[in-house]
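Here is the structure we will look at.
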Amino acid sequence: MSKNREIAEIFENMADMLSIADENPFKIRAYKKAAVNILELREAIEDASARGELTQIPGVGKDLADKIREYVETGRMKEYERLQENIPLDTVDLLRIPGLGPKTLSLLFKGLGIRNAADLEKALDGPEILEFKGMGPKKIEDIRRGIALLRKSKERSRLGVVLPIGESLVEAVSRIPRTEGAILAGSLRRMRETVKDIDVLTISDNPPEVVEAFTSLRPEKDVLASGGTKGSVILQEGIQADLRVVGPESYGAALLYFTGSKAHNVRLRGLAQKKGLKINEYGVFRGDAMIAGETERGIYETLGLPFIPPELREDRGEIEAAMEGRLPDLIDLADIRGDLHTHTTWSDGKATIAQMADAAEGLGYEYIAITDHSPSQTIAKGLPIERLLEKKKELAEEAGKRKRIKVLMGTEVDIKMDGTLDYPDEILKGLDVVVASVHSGFKMDRDAMTNRIISAIRNPYVHAIGHPTGRLINEREPYDVDIDLVIGAAAEYGKALEVNGSYPRLDLNDLHVRKAVDAGVKIIISTDAHSTAQLLFMRYGVGTARRGWVEKKDVLNALPFGELYEWLKSGRG
Ligand SMILES: [Zn+2]
Ligand SMILES: [Zn+2]
């Protein structure tokens, strides 16, 4: 896409660097002003540059025009790089700390050599800091909290943490007067497993007022930027949220642009160029005439493509598939007919069998499998055989009472270090659903771990492997396993692999699940719910599956009960 945003950001950073260096205020203001005007430019800045008309942009004189041209032509700006040698971007970032203005930061930078958050944190503990004007214990405490907030906002957060926040934000924006069509964009809309920030887009004929209302929605958040058609805040949760306000004629173009991914958008722009068209965040143009922009569908149409679902927009072959009319018919949340991996108070869950079944009924499911842990999981209160049999009785009673939903007796059985299972075959044989998982001995070497899991796949009573790589997003790396061999074995033995929808897991991940369906492996999308509320994690599992090009026909728990039951019984002798 056009370099407008990049260049505006560079100028903003340069302004900040100059202010930390305590440079001429006029120079600083010039960069800031140019940044704002470049953002509001109605065309790609490359085009203005090619025509030699950069100085017609308000606030852009000969000096800045030269810098823009240099960047457009070479992808670099020497002056920017030179400034960074003295004042790194980490220092500029410190300006996001509430209460730390350029004046103070400039003094700390020069006086104590503070260049990043770690330097600043250390300085806050020392005596010298109190010598600086305005630095009392309260101010120091505020800055300390600001550093924590800054750090938090810099991490990528897990999908399941951010999506609900994003949705509530969208709802709040939709209640601002004179807005329409508020929607999430960015990686959140693409259901990436982690996201950096929240992008919200809305339509209005009065952008400044909407931006103003947005930045004052909740008192506890910090406003990073506000003005024109864009507002940026850091929510109290430490996540940055950006709102963009557009006119209806550009809604689809802006949605496409801000949904990304960048790689996908670059490909679209290339296709457009071949057709003599130009795409930017405002629309699709032939010469000066705008020929699309209102809807994403309309924009894809001008390129001769069908609508491409956001989860596929990663430049992983979706453009080629769209051109050849072979985009997958992705699984939908509404296709899901039941949950095949859940826990109850019999092991480490918080709800009873009856409560879980009620909740599943409430979701309109046809079936739910209760799969508590096996005895090795002592901390998770895994069930010894006698307890398992007791549970089976209670479950049969519960199941007998219900007409609308089938309650299936299952287990999440541990795969032990040697690849054997935590219950004997005679026991597994009597259960409706057997999910086998690794919960211990994560440090095994690759061959041993791979063989361990494949042994479980070979057991005739195992239906599926649960969370096949064992990773916990932002917490624990996957164990070392050759996932290709696991997928191959699952295909060979007709076993399913799980997409665990619990958002810290999302395991298989998008790339692995795509390999699995390509190999013809059936998928179960489960929540691993340990409470009734966690049954709602299904959407994260479905989102991950969609990113992995999974279709309804690949998913066992999209089958009606009769067909699922047949599959569960097949191959068990
Ligand atoms: Zn598990
Ligand atoms: Zn589980």
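Just so you know, ligand 1 is whichever comes first in the structure, and atom 1 is the first atom listed for that ligand. Heavy-atom basis, side chains included; hydrogens, waters and symmetry copies ignored.
- For residue His373, no N/O/S atom approaches the Zn ion (ligand 2) to within less than 2.8 Å.
- Outside the 6.0 Å centre-distance limit, the rings of His341 and His463 are not counted as a close aromatic pair.
- When the N, O or S atoms of His467 are ranked by distance to the Zn ion (ligand 1), NE2 comes first.
- His341 contributes NE2 and Glu412 contributes OE1; the angle these two atoms make at the Zn ion (ligand 2) is 90°, rounded to 10°.
- The Zn ion (ligand 2) has no N, O or S atom of His530 under 2.8 Å away, backbone or side chain.
- Glu366 has a carboxylate O that lies under 4.0 Å from a charged side-chain N of Arg337, or vice versa, which qualifies the two as a salt bridge.
- Under 4.0 Å is where a charged nitrogen must lie from a carboxylate oxygen, and between Asp199 and Arg244 at least one such pair does.
- For Arg189 and Glu296, the salt-bridge test passes: some basic side-chain N is under 4.0 Å from an acidic carboxylate O.
- Look at His439 and the Zn ion (ligand 1): an N/O/S atom of the residue is under 2.8 Å from the metal.
- A cation-pi contact, defined as under 6.0 Å to the ring centre and within 45° of the axis, links Arg313 to Phe307.
- Not a single N/O/S atom of Asp528, whether from backbone or side chain, sits less than 2.8 Å from the Zn ion (ligand 1).
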